[in-house]
Amino acid sequence: MDDRFVNPYTFVPLPKGGAKRSDCTEATEPVFSGEIKCRLITKTQIAVPDILKNPVPDNVERTEPKKYDFFTLDGKAAIPGSGIRGVIRSVYEVLTDSCMHLNDKDDDYFHTRLNKTKPGIITYDPVKREYTLHNSKRVRDKTGIRHKTGDKVRFDTKSGNGQASELVDSFSTSGRYQGVYLRVDTFGTGNKQSNPSVFRYIETGTKIDKVYIDRLKVNVEMYQGQYKAEYESAIKAMETAGGWLPVWYWQDMNTGHYYLAPSQYSRAVFVKKPRDIVENAGMQACTSPKCCCAACAMFGFIADGKGDSQSHASHVRFTDAICEQSDCFGGSYLLPVLSGPRLSSFEFYLSGNERNSLGPDSSNVTIAGRKFYWHAPQNVITKDDDFAKEHPKMATRMQLVKKGTEFTFSVFYDRITEDQLKKLVFALDLGENFAGSARCHKLGHGKPVGLGSVKITVDSITKRSFENGAYSVSDITEETVGTANTGMFQPTPEFNAFITKVVNLNYAAKKEVDYPRETAGGDIFTWFADNRGSLRSEGYIRLNNHLPKITDADPSLPRTPKSEQKGGFGGNRNSGYSRGGFNNRGFRR
């Protein structure tokens with residue numbers, strides 16, 4: 001196992017100033033229609049599961065792995081045209097500085113662990129509809145007399161020792177102080193103990209915006225502690241029955257934002273959502289043909305139902321790719337277990353936080369770019385994954401198609417300009433229209449573990465014409481492909497890195513491409529935990545390493561992420577000091 005590794009995915013930076021948009025309701029140049037016949041050659045094993053053949057409902061508890069055959073049509077291996085279309089659109093978006101049309105979910109949140117050093121109490125005025133955050137003092141309770149979270153109590157205190165400078169002496173209706181009770185969950189293994197607390201009520205406070213309460217509710221919804229129901233009841237009582245809500249909080253003095261949680265060292269949810277940061281970067285999805293990016297003008301979009309948004313029809317149609325080879329199928333294997341994104345991993349998802357470990361709410365921080373997977377032809381699946389065998393409920397068995405298999409498909413284009421046609425061709429063949437080219441796409445399942453590398457070539461391009469009552473078809477392959485693959489785009493450092501590294505089958509072929517883990521077969525959590533400073537300091541955690549940029553000399557990170565090591569070549573402070581990105585899908589558990 002090498003002492004450095006390449007994370008399976010990277011991010012192509014977004015264009016400065018946001019997506020380029022224009023009015024696409026009417027073409028200002030001559031338009032053409034026709035067909036592009038393509039060939040797709042697998043450069044690694046690929047997995048395109050037929051999920052409708054053996055459907056497994058998500059709400060059904062499994063005892064055995066899911067099992068999927070490769071997708072077929074009439075007994076022949078096939079790749080749905082919709083899957084190819086999505087891959088080509090992603091590349092077309094990069095090439096044309098287009099919007100991020102899929103990153104518009106409104107229920108995703110950034111969150112991470114923060115040290116929230118201040119105890120507080122939240123009250124609500126239903127008449128004024130105002131929330132007030134009161135300063136408080138935490139008093140530990142070791143009396144053994146248990147109340148529920150949110151219970152108002154009166155109590156007397158006594159001196160403590162060690163970390164607890166003050167303890168509850170007794171509870172009584174005539175107690176000197178009044179406060180609210182908070183029971184604390186403990187997580188993990190061992191003999192952890194945490195005493196409940198009483199937060200002493202102080203009448204003066206600060207009005208806070210409802211958004212902080214909304215984020216607290218999101219936080220509690222993700223909470224899995226023993227006393228979750230009690231805390232939810234305390235929130236309800238605060239808003240409807242004059243209750244007091246105990247919170248731990250921290251205020252970022254740079255942004256003025258408050259971060260609230262039921263416990264001091266637990267998760268905090270940020271104000272800005274990924275969608276907000278996408279909008280701040282000018283990369284939000286197009287909603288009108290009158291202000292439309294190049295990708296939406298070509299591939300179309302559906303109105304979001306807000307305001308005067310309008311849909312725009314697609315000008316391209318992708319057929320399913322069909323394989324005529326009868327011996328194309330490989331084995332069926334338990335693949336490595338993959339899971340969803342971890343939006344708490346700011347060192348990978350965000351850009352602009354490299355030196356100060358800032359959070360998503362900072363004006364300096366943005367998403368790092370569009371996600372692409374490195375090609376890893378050296379990672380060949382020859383046996384069932386060991387972790388998957390040990391965890392059958394999480395595992396999936398998939399039939400693969402072999403390396404070297406050929407598929408054919410067509411792209412029908414309708415009423416597009418010559419410039420659009422040439423850019424579409426470039427998005428298909430990536431500027432090199434021969435089977436041996438190393439410029440490849442990734443598609444299907446298992447991209448993080450080396451599956452899915454394919455080369456697309458254009459076999460022919462025909463143009464349909466209907467003039468003076470006569471229909472004709474002409475071959476424009478040579479003139480279109482030749483000009484499409486030369487000088488179409490500005491050779492910026494980012495474009496050059498995308499073409500020579502990100503889509504290059506051989507760029508990472510001699511490197512160890514793997515998710516962050518310190519030992520062979522180890523868990524990912526340990527690497528991220530060691531990549532961060534302690535929670536002793538208030539506020540944000542220091543991040544030791546960040547995902548390298550695609551323009552860096554070396555895309556690798558250290559296996560043991562200590563503070564003196566930085567991502568990128570040789571620990572160079574100019575390498576790997578900015579990356580991370582949004583919509584990161586596919587951490588292995």
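The shown structure was predicted, so the numbers you read here are calculated from the model rather than taken from an experiment. Each residue takes its place number in the sequence, starting with 1.
Taken to the nearest 0.5 Å, the OG atom of S136 stands 11.5 Å off from the CD1 atom of I122. Atom CG of N544 sits about 11.5 Å away from atom CG of L557, to the nearest 0.5 Å. Taking NE2 of H257 as the reference point, atom CZ of R215 lies at 9.5 Å (rounded to 0.5 Å). A distance of 7.5 Å separates OG1 of T255 from CD of Q251, quoted to the nearest 0.5 Å. In this structure, CD1 on I121 lies 10.5 Å from OH on Y249, to the nearest 0.5 angstrom. Separation of atoms CD1 (I367) and CG (D276) is listed at 11.5 Å; rounding is to 0.5 Å.
Here the rule is side-chain contact (heavy atoms from CB on, under 4.5 Å) with V269, and of L260, N219, L114 only N219 fits it. Paired with F270 under the rule ring pair (Phe, Tyr, Trp, His ring centres under 6.0 Å), one option of Y258, F110, F346, Y212 passes, and it is F346.
Salt-bridge check for R275 with E279: passed, with a basic side-chain N closer than 4.0 Å to an acidic carboxylate O. Taking the charged nitrogens against the carboxylate oxygens, D514 and R559 do have a contact shorter than 4.0 Å, which makes a salt bridge.
Residues M394 and F387 have side chains in contact (heavy-atom distance under 4.5 Å, counting atoms from C-beta outward). Side-chain contact between S556 and E512 is absent, with no heavy atoms from C-beta onward closer than 4.5 Å. Using a 4.5 Å heavy-atom threshold, the side chains of K272 and D361 count as touching. In this structure, L167 and K158 have side chains that are in contact, with non-hydrogen atoms separated by less than 4.5 Å. A 4.5 Å side-chain heavy-atom check between D554 and P548 finds every atom pair outside the cut-off. Looking at Y265 and N115, their side chains come closer than 4.5 Å, going by heavy atoms from C-beta outward. Side-chain atoms of Q264 and T117, non-hydrogen and from C-beta on, do get closer than 4.5 Å to each other. Residues P561 and W527 form a side-chain contact, since some pair of their non-hydrogen atoms from C-beta on lies under 4.5 Å apart.
Between Y68 and H445, the distance from one ring center to the other does not fall under 6.0 angstrom.
In the model, T157 has a side-chain atom that pairs as donor or acceptor with a side-chain atom of E166 under 3.5 Å. No side-chain donor from either of H375 and Y507 sits under 3.5 Å from a side-chain acceptor of the other.
Counting non-hydrogen atoms of neighbouring residues, nucleotides and ligands closer than 6.0 angstrom, the NZ atom of K210 reaches no more than 12 such neighbours. Within a 6.0 Å radius of CZ in R146, more than 12 heavy atoms belonging to other residues, nucleotides or ligands are found. The environment of E221 atom CD is sparse: at most 12 non-hydrogen atoms of other residues, nucleotides or ligands sit within 6.0 angstrom. Dense packing is recorded around NZ of K501, with more than 12 heavy atoms of other residues, nucleotides or ligands lying under 6.0 Å away. The environment of NZ in K393 is sparse: at most 12 heavy-atom neighbours from other residues, nucleotides or ligands sit within 6.0 Å.
Aromatic ring orientation, W250 versus Y259: parallel (interplanar angle below 30°, classes split at 30° and 60°). Aromatic ring orientation, Y201 versus W244: parallel (interplanar angle below 30°, classes split at 30° and 60°). Between F171 and H147, the two ring planes are perpendicular [angle over 60°; tilted spans 30° to 60°]. Using the six-membered ring where Trp is involved, Y177 and F155 have ring planes that are tilted, between 30° and 60° apart.
Considering all non-hydrogen atoms of both residues, G175 and D156 come closest at CA-OD2, 3.7 Å. Among all heavy-atom pairs drawn from Y124 and E130, the shortest one is CD1-O, 3.3 Å. Residue R138 comes nearest to N195 through the heavy atom pair NH2-O, 4.2 Å, listed as atom of the first residue, atom of the second, then distance.
Remark: K228 fails to qualify as a cation-pi partner of Y223 under the 6.0 Å distance and 45° angle criteria applied to the six-membered ring.
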Intermediate values then yes/no, ring-ring contact (aromatic ring centres under 6.0 Å, His included), F498 and F372: CA-CA 10 Å; F498 178 70; F372 282 82; 5.3 Å; yes
